[in-house]
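All figures in this text were calculated on a predicted structure; none of them were measured in a lab.
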Amino acid sequence: MSIKEIDGLLSLLSEKKRKMEQQEAETNMQILLDFLHCLRKQKMDELNEVQNDLQYIKDDINAVERHRIELYRARERYSVKLRMLLDDPVATKLWPSAVDKHNNIRVSSARSSVIGMCTGNFQGKKVDMKAQVSHQVNQRKEAFGGSDPQHSLTQSGLAIARKKRVHTQFNELQECYLQKRRLGANQLHRQEEKDINVISREGYHPGLEDFQSVLTTLTRYSRLRVIAELRHGDLFHSANIVSSIEFDRDDELFATAGVSKRIKVFDFSTVVNEPSDVHCPVVEMSTRSKLSCLSWNKYSKNIIASSDYEGIVTVWDVTTRQSVMEYEEHEKRAWSVDFSQTEPSMLVSGSDDCKVKVWCTKQEASVINIDMKANICCVKYNPGSSIFVAVGSADHHIHYFDLRNTSTPLHVCRGHRKAVSYVKFLSNNELASASTDSTLRLWDVKENCPVRTFKGHTNEKNFVGLTVNNEYIACGSETNDVFVYHKAISKPAACHRFGSSDLDDTDDDSGSYFISAVCWKSDSPTMLAANSQGTIKVLVLAA
């Protein structure tokens with residue numbers, strides 16, 4: 001090639017290089033610009049969300065301040081009425097009875113004494129009259145907390161303790177508040193689009209009242225206090241693990257069952273009110289095999305069902321201490337049994353044979369059989385319907401069935417990393433589950449979505465119990481602790497270790513034991529808990 005041709009080729013390559021560098025620079029700038037636009041949009045969205053949250057907080061502060069001022073004004077009006085009454089004792093006759101309904105017992109008693117004094121003892125000495133009036137005045141002042149320093153100190157101490165609990169759970173409470181507030185605002189917006197008039201109590205915005213309920217409930221309690229204790233074991237059986245504790249329909253009796261092959265029924269009031277080292281059961285029934293689960297009938301107080309290690313589901317009459325029905329279709333250990341709350345003759349069971357069976361106490365054979373691919377650890381009827389059943393299994397999932405069509409689950413709740421050991425309904429739509437992945441989870445079975453995950457306890461290999469009420473979820477731990485969670489907060493609200501000295505318990509070596517069963521007493525703050533040593537405690541949530 002000639003020099004001229006080489007120069008032309010070099011010029012062409014140089015131009016080509018320039019164009020490629022130009023294109024690469026433009027591409028890099030475009031990528032950077034796209035990133036910055038995306039980042040700005042994200043930050044603007046975050047800013048809008050923060051601004052909206054700040055507006056929610058501002059609106060709610062104004063609403064709460066208005067309500068607090070109304071409370072102060074109401075208290076002042078009441079104080080004026082009280083001063084008028086104290087200035088003229090005879091005026092008690094004219095004091096509206098409606099106001100008296102808001103007083104406590106001490107005020108009612110004081111008022112009755114003043115009236116009695118004015119009507120019956122008016123002819124007495126004036127000095128006595130003045131002394132009695134003065135006494136009643138002091139009583140009234142104490143009743144309203146006006147001159148009772150001890151009462152004021154107690155209330156102040158409780159308020160400080162509750163504020164500390166708020167700061168302890170501040171991040172979780174913040175998340176709960178914003179979630180409820182945003183949801184409430186969205187619902188309000190949708191309702192306004194439909195021209196529906198929305199009236200909030202006391203000017204509260206949607207979500208604030210729900211959060212106030214959570215805050216009030218959560219800060220009310222901080223610990224579990226032991227009020228009674230009993231030993232489940234006996235002289236002839238060293239195996240004491242309690243697998244199941246259940247209250248009867250009226251919360252008067254509770255039944256226990258476990259590896260001792262006995263169902264024991266205790267009177268709750270006797271256990272609580274008559275402290276004793278040994279409490280004798282009011283009823284005791286022997287079984288052929290170790291027991292895994294109990295379920296009281298929700299209508300017939302004397303009927304209870306059990307499942308055992310041989311796969312037998314038995315229906316018992318506690319009054320006669322005899323079995324009413326025995327179902328032996330399961331081929332392996334049956335882990336769980338549950339009576340329907342809406343249809344008293346129906347019960348469901350789950351087994352290691354991978355089968356869920358629905359029974360009717362009027363028939364000898366199962367009426368529905370669901371064959372699944374994994375071992376069944378737990379079953380539970382929906383409290384509002386006898387056609388919906390939740391099933392927890394070793395495949396890590398919760399299968400929610402409509403019994404009218406069992407060919408496929410209505411929902412499958414996925415999220416646990418290990419076997420699901422328990423399922424319990426807080427309401428018709430709220431389902432709690434426990435797993436050996438050391439977590440509890442809350443699900444919305446209506447919307448088929450997870451709501452919250454609870455962590456704090458340890459559960460990797462044993463059945464440690466699960467119990468729920470309207471607000472709280474409680475479970476055991478392999479650290480020999482009972483944990484209580486509020487359903488709106490992921491961290492524990494209270495905890496109690498077996499072996500602590502509430503009732504001079506001398507079991508300090510709690511490391512080798514675990515909690516094996518727990519049960520709330522309906523929607524009260526009282527619960528039963530048992531550990532693998534056979535110790536049963538009555539616990540109550542306390543401030």
Could you give me the CA-CA distance, side-chain angles and deciding distance for R288 and E326, then say whether side-chain contact (heavy atoms from CB on, under 4.5 Å) is met? CA-CA 12 Å; R288 299 195 300 268; E326 287 191 2; 3.7 Å; yes
Could you measure the distance from the CG atom of L440 to the NZ atom of K424? Nearest 0.5 Å is fine. 12.5 Å
Does the side chain of N382 pick up a donor-acceptor pair with the side chain of Y400 at under 3.5 Å? yes
Are side-chain N/O atoms of T535 and R231 paired as donor and acceptor at under 3.5 Å? yes
Passing candidate, side-chain contact (heavy atoms from CB on, under 4.5 Å) with I263, options T314, T256, L294: L294
Output yes when E284 and R321 qualify as a salt bridge under the 4.0 Å nitrogen-oxygen rule, no when they do not. no
For a quick check under 3.5 Å, do N429 and S427 share a side-chain donor-acceptor pair by atom type? no
The reported gap from OH in Y472 to CG in L426 (rounded to nearest 0.5 angstrom) is 12.5 Å
When you check the gap from the basic side-chain N to the acidic O, do E310 and K332 get nearer than 4.0 Å? no
Distance-only polar pair, side chains of T479 and S477, donor-acceptor under 3.5 Å: yes
When you compare the side chains of H279 and T270, does any donor N or O come within less than 3.5 Å of an acceptor on the partner? no
Under the side chain to side chain donor-acceptor pair (under 3.5 Å) rule, collect the residues that match up with N375, sequence neighbours excluded. D352
side-chain hydrogen bond (donor to acceptor under 3.5 Å, both in side chains) between R452 and Q179, worked out: CA-CA 12 Å; R452 190 162 287 104; Q179 182 186 43; 2.9 Å; yes
Does this structure show an ion pair linking R404 with D402, if we count only N-O contacts that are shorter than 4.0 Å? yes
Are W316 and S306 close enough that a side-chain donor and a side-chain acceptor fall under 3.5 Å? yes
Any non-hydrogen side-chain atom of S393 less than 4.5 Å from a side-chain atom of V420? no
Among side-chain atoms of S522 and D251, is any donor-acceptor pair under 3.5 angstrom? yes
Do the charged groups of D60 and R181 touch, with an N to O distance under 4.0 Å? yes
For the residue pair Q322 / D317, report whether a side-chain donor-acceptor contact shorter than 3.5 Å exists. no
Throw together a table of side-chain donor-acceptor distances under 3.5 angstrom for residues 482-490, partners on residues two or more places apart or in other chains.
from: Y485; atom 1: OH; to: G456; atom 2: N; distance (Å): 3.3
from: Y485; atom 1: OH; to: H457; atom 2: N; distance (Å): 3.2
from: Y485; atom 1: OH; to: H457; atom 2: ND1; distance (Å): 2.8
from: H486; atom 1: ND1; to: A488; atom 2: N; distance (Å): 3.0
from: H486; atom 1: NE2; to: E471; atom 2: OE1; distance (Å): 3.1
from: K487; atom 1: NZ; to: E430; atom 2: OE1; distance (Å): 3.4
from: K487; atom 1: NZ; to: E430; atom 2: OE2; distance (Å): 3.4
from: K487; atom 1: NZ; to: N470; atom 2: O; distance (Å): 3.1
from: S490; atom 1: OG; to: T453; atom 2: O; distance (Å): 3.2

Show me the donor-acceptor pairs within less than 3.5 Å that the side chains of residues 163-170 make with the rest of the protein, sequence neighbours left out.
from: R165; atom 1: NH1; to: T219; atom 2: O; distance (Å): 2.2
from: T168; atom 1: OG1; to: K164; atom 2: O; distance (Å): 2.9
from: Q169; atom 1: NE2; to: P492; atom 2: O; distance (Å): 3.1

For W335 and S351, what are the C-alpha separation, side-chain angles and deciding distance, and is it a side-chain contact (heavy atoms from CB on, under 4.5 Å)? CA-CA 5 Å; W335 281 114; S351 166; over 6 Å; no
So do P450 and L442 actually touch side chain to side chain, heavy atoms under 4.5 Å? no
Is it true that E343 and S345 share a donor-acceptor pair across their side chains at a distance under 3.5 Å? yes
Is the ring centre of F268 less than 6.0 Å from the ring centre of F247? yes
Taking side chain as C-beta onward, heavy atoms only, is V64 less than 4.5 Å from L208? yes
